[in-house]
Amino acid sequence: MRKNILAIAALIALCGSHAHAQVGIGTTTPAASSMLEISSTSDGGTTYKGFMPPRVPTTVERDAISPSATDVGLTVYVTDRECLQMWNGTGWENIHCLNGVSFGGIFQNFDLNTAWGYTTDVPFFDNGNNGFYGITTTANGGFNNITTMTNNFLGILDMNDEGVNGTAGFATITFDTIDISGALSGVNLSFDYEVFEFDTGDDVYYTVTIDGTPQAEVQLVNGLGNLSMDGTVSVTAPPGSTNISLSIRIRQDGAGDYAGFDNFAIIPN
């Protein structure tokens, strides 16, 4: 019994002495300033090996790791993204990605660049000066009030069309979900808009969806007393995002009120 106790005590003492020492893999003399040193050779330079970080197949498995806010520095290689990534406490950042992955940008301006597809829950219609929803130009009657658009753009006039076409509610145009996993530094989504003499009840909202999660809906236009305004919307998707999409809801009733939307784009940061 006494021998067993002495053996256990010796083992505890031995473990304790190593707990405060440096650890070497492939070397018996790890650097004094390191807790762990991995040598690329263990046979004096005859053969060499590399360091392989932990690999996960996709971002699904990466996210299943569920690191906490205190796990800053946790590092994995995401195989399908071809990126070495580090946890920053709130999200994953790219340390380095292979150069074979790229994203060149995608556009929809309704004339020259039309790669970004879309659908609308209300069919396009043209009822002259009484109502319009579709692709047009400033040469189309009162659409000359839209002064910031060039060539083709998405035009709106009296969405209710006096009950003939359109809708008394909102029409929603939804742009296709785009794979942006090749945009290593994230992307910028943008589009131009202009409204002319929007009254109470004439409204515009937009929603950007990143990685399947809709972001907070933004009211772009709150019509009131012949409101006229124009500008550019710009939204950033951070590094590590895999896909993005956009939807715009428009409600407008009444002749003489016009709107235009153009130059939809997703470009790398």
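Residue numbers run from 1 in the order of the sequence given.
Remark: Phe198 engages no residue in a ring-ring contact (aromatic ring centres under 6.0 Å, His included) (not counting sequence neighbours). Phe261 pairs by the ring-ring contact (aromatic ring centres under 6.0 Å, His included) definition with nothing, not counting sequence neighbours. In this structure Tyr206 satisfies the ring-ring contact (aromatic ring centres under 6.0 Å, His included) test together with Phe191, sequence neighbours excluded.
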**Message:** Between Asn140 and Thr137, is the side-chain hydrogen bond (donor to acceptor under 3.5 Å, both in side chains) condition met? List the steps.
**Reply:** CA-CA 6 Å; Asn140 182 10; Thr137 70; over 6 Å; no
**Request:** List the steps and the verdict of side-chain contact (heavy atoms from CB on, under 4.5 Å) for Asn109 and Asn151.
**Result:** CA-CA 9 Å; Asn109 62 10; Asn151 301 319; over 6 Å; no
**Asked** Between Ile248 and Val204, does a side-chain contact (heavy atoms from CB on, under 4.5 Å) hold up when you go through it step by step?
**Response** CA-CA 7 Å; Ile248 301 176; Val204 179; 3.9 Å; yes
**Request:** Please test Gln252 against Asp158 for side-chain contact (heavy atoms from CB on, under 4.5 Å), starting from the C-alpha separation and ending with a verdict.
**Result:** CA-CA 6 Å; Gln252 193 276 316; Asp158 193 5; 4.2 Å; yes
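Asn269 contributes a side-chain N or O that, together with a main-chain N or O of Ser185, makes up a donor-acceptor pair within less than 3.5 Å. For the pair Asp202 (side chain) and Asp253 (backbone), a donor-acceptor distance under 3.5 Å is present. Judged by distance alone, with hydrogens and angles left aside, the side-chain atoms of Asn144 form no donor-acceptor pair with the main-chain N or O of Ala139 at under 3.5 Å. A donor-acceptor pair under 3.5 Å is absent between the side-chain atoms of Thr90 and the main chain of Asn88, judged by distance alone. With Gln215 contributing its side chain and Thr213 its backbone, the two residues share a donor-acceptor pair below 3.5 Å. In this structure a side-chain-to-backbone donor-acceptor pair under 3.5 Å is missing from Glu197 to Leu227. Between the side chain of Glu194 and the main chain of Thr148, a donor-acceptor pair closer than 3.5 Å is present. With hydrogens and angles disregarded, no donor-acceptor distance shorter than 3.5 Å links the side chain of Gln108 to the backbone of Phe264.
For residues 212-255, no pair satisfies ring pair (Phe, Tyr, Trp, His ring centres under 6.0 Å), with sequence neighbours left out. For residues 51-76, the set of pairs meeting the ring pair (Phe, Tyr, Trp, His ring centres under 6.0 Å) definition, not counting sequence neighbours, is empty. The salt bridge (Lys or Arg N to Asp or Glu O under 4.0 Å) analysis of residues 203-219, with sequence neighbours excluded, yields the pairs Asp203-Arg251, Glu217-Arg249. Applying the salt bridge (Lys or Arg N to Asp or Glu O under 4.0 Å) test to residues at least two apart or on different chains, none of the pairs has a partner in residues 109-128.
Between Leu189 atom CG and Ser245 atom OG the span is 9.0 Å, to the nearest 0.5 Å. The distance from atom CG of Asp179 to atom CD1 of Ile244, rounded to the nearest 0.5 Å, is 11.5 Å. With rounding to the nearest 0.5 Å, the separation of CG in Leu246 from OG1 in Thr209 is 8.5 Å. Taking CG from Leu154 and CG from Asn263, the interatomic distance works out to 12.0 Å, rounded to the nearest 0.5 Å. Here the OH atom belonging to Tyr133 is positioned 5.0 Å from the CD1 atom belonging to Ile173, to the nearest 0.5 angstrom.
In terms of heavy-atom proximity, Ser247 sits nearest to Thr174 at CB-OG1, 3.9 Å. Nearest heavy-atom pair, Thr27 versus Ser39, reported as atom, atom and distance to 0.1 Å: CB-CB, 4.1 Å. The two atoms that bring Asn129 and Gly142 nearest to each other are OD1-N, 4.5 Å, heavy atoms only. Shortest non-hydrogen contact noted between Ser241 and Ile210 is OG-CG2, 3.7 Å. Residues Thr207 and Pro214 come closest through the heavy atom pair CG2-CB, 4.1 Å. Summarising the geometry of Thr232 relative to Tyr193, their closest heavy-atom pair is N-CE2, 3.8 Å, with the distance given to 0.1 Å.
Between Ser234 and Asn188, the side chains place a donor N or O and an acceptor N or O closer than 3.5 Å (distance only, hydrogens not considered). Asn226 and Ser228 share no donor-acceptor pair across their side chains, judged by distance under 3.5 Å alone.
Ile25 and Tyr48 sit in two unconnected hydrophobic clusters of ILVMFWY residues. Membership requires side-chain heavy atoms under 4.5 Å apart, directly or through other members. Under the 4.5 Å side-chain heavy-atom criterion for grouping Ile, Leu, Val, Met, Phe, Trp and Tyr, Tyr205 is not connected to Phe175 through any hydrophobic cluster. Note: the hydrophobic cluster containing Phe125 also contains Ile135 (ILVMFWY, side chain heavy atoms under 4.5 Å, direct or indirect links).
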Show me the donor-acceptor pairs within less than 3.5 Å that the side chains of residues 159-171 make with the rest of the protein, sequence neighbours left out.
residue : atom : partner : partner atom : Å
Asp161  : OD1  : Asn127  : ND2          : 3.0
Asp161  : OD2  : Asn127  : ND2          : 3.3
Asp161  : OD2  : Asn165  : N            : 3.3
Asp161  : OD2  : Asn165  : ND2          : 2.7
Thr167  : OG1  : Gly169  : N            : 2.9

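Residue Met149 is found in a hydrophobic cluster whose other members, listed by chain and number, are Phe132, Phe143, Ile146, Phe153, Leu157, Phe196, Tyr258; membership requires side-chain heavy atoms under 4.5 Å apart, directly or through intermediates. Hydrophobic cluster of Leu224: no remaining members, since no ILVMFWY side chain lies below 4.5 Å from it. Listed by chain and number, the hydrophobic cluster partners of Ile267 are Phe107, where partners are ILVMFWY side chains within reach of under 4.5 Å, directly or through others. Applying the under-4.5 Å side-chain rule to Ile, Leu, Val, Met, Phe, Trp and Tyr, the cluster around Val76 extends to Val56, Ile65, Leu74, Val78, Trp87, Trp92.
Taking the side chain as every heavy atom from C-beta outward, Thr75 and Leu84 approach each other to under 4.5 Å.
Using a 30° and 60° split on the angle between ring planes, Tyr118 and Phe110 fall in the perpendicular class, above 60°.
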